Amino acid sequence: MLTAAEWAEARLGYVFRDPALLDAALTHRSASKRNYERLEFLGDSVLNFTTAELLYGAYPEADEGDLSRYRATLVSGNSLAAVAAALGLGDQLRLGSGELKTGGFRRGSILADALEALFGAVFLDGGIAAAREVIAKLFAGRLGQLPGAQELKDPKTRLQEHLQARGLPLPVYALEEVSGEPHDQRFVASCEVAALDARGRGEGSSRRRAEQEAAQQVLERMAADEVTAHD
Ligand code: MN
C-alpha cells in the first residue's frame, strides 16, 4: 500500500513540505486529537473560493445565479464524496477502532470532510496557487459536465423567466388547501398563466413545495403544447 505521502503525490499531484499537515488531514477525530476538523473548516473556504474562480473563468456568459448553482453542485457532499472515493482516500484515512468497525472509511460524509481538510492542508503547505492546481485537477471532469443552467433552476424560476422572455404577465399562485395536523401539514397550491390558458396544481409538505410542483405542471403543459404546435 502507498504511504500517505506517495498517495498524495500520485493522486493529488502534490508533494507536502510538512507531512504533519497531510497526516492531520487524513486523521478522523475518533483516532486522535490532532485530526482533520480544523483543516476541514479552512479547506471548505479554500474550495469555495477556488471553485468560484474556476467557474468565473470557465463560464463567461453565466450570471451570478447560475455560477452559485454550479458551485453548489460541485461542492455538494455527494460530489465531494465521489471525488474522494475515486482518489481512494478511504484507504488512507486514520480512524478510531469504533469508526473502523462501522465502516467509517466508506461513509460519504467522512470522505467529503477529509477531502476538504486535504485542500486546507495543501493551502497551508503550498499556498493558494498549489491548492488551486490540486482542486482544478480533481474537479476538471465535473467542471466540464455541469448540467445546463436551466436544469439547476427551480420550476418557479424557470416559468417566470420563460414568461418574461415572451413578454407575458407573471403566473398567479394561490393556496387552495391546507390540511393535516400542525406538525404534518399538506398544502395544495395552484399556478395559473391566464395568457396561455394554462393551469397547474401541486401538493407538498410546504406552500413553497406545492407551488413548485404546480409551476412544474404548467411548464410540462407548455412544453407539450409547443410540441403539438410544431407538428
Ligand atoms: Mn465538511
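All values reported here derive from a predicted model rather than from experimental measurement. In each ligand, atom 1 is the first atom listed, and ligand 1 is the first ligand listed.
With salt bridges taken as basic N to acidic carboxylate O contacts below 4.0 Å, none links E176 and R201.
The minimum distance between the Mn ion (ligand 1) and any N, O or S atom of D113 involves atom OD1. Counting just the N/O/S atoms of E40, the one with the shortest distance to the Mn ion (ligand 1) is named OE2.
If you run side chain to side chain contact (heavy atoms under 4.5 Å, CB included) between D154 and each of E211, R208, Q216, only R208 comes through.
Checking E116 against the Mn ion (ligand 1), an N/O/S atom falls under the 2.8 Å cut-off.
The cationic group of K137 does not satisfy the cation-pi geometry with Y14, failing either the under 6.0 Å distance to the six-membered ring centre or the 45° limit from the ring axis.
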*Does the pair E213 and Q217 meet the rule for a side-chain hydrogen bond (donor to acceptor under 3.5 Å, both in side chains), with working shown?*
CA-CA 6 Å; E213 198 185 303; Q217 275 195 11; 4.6 Å; no
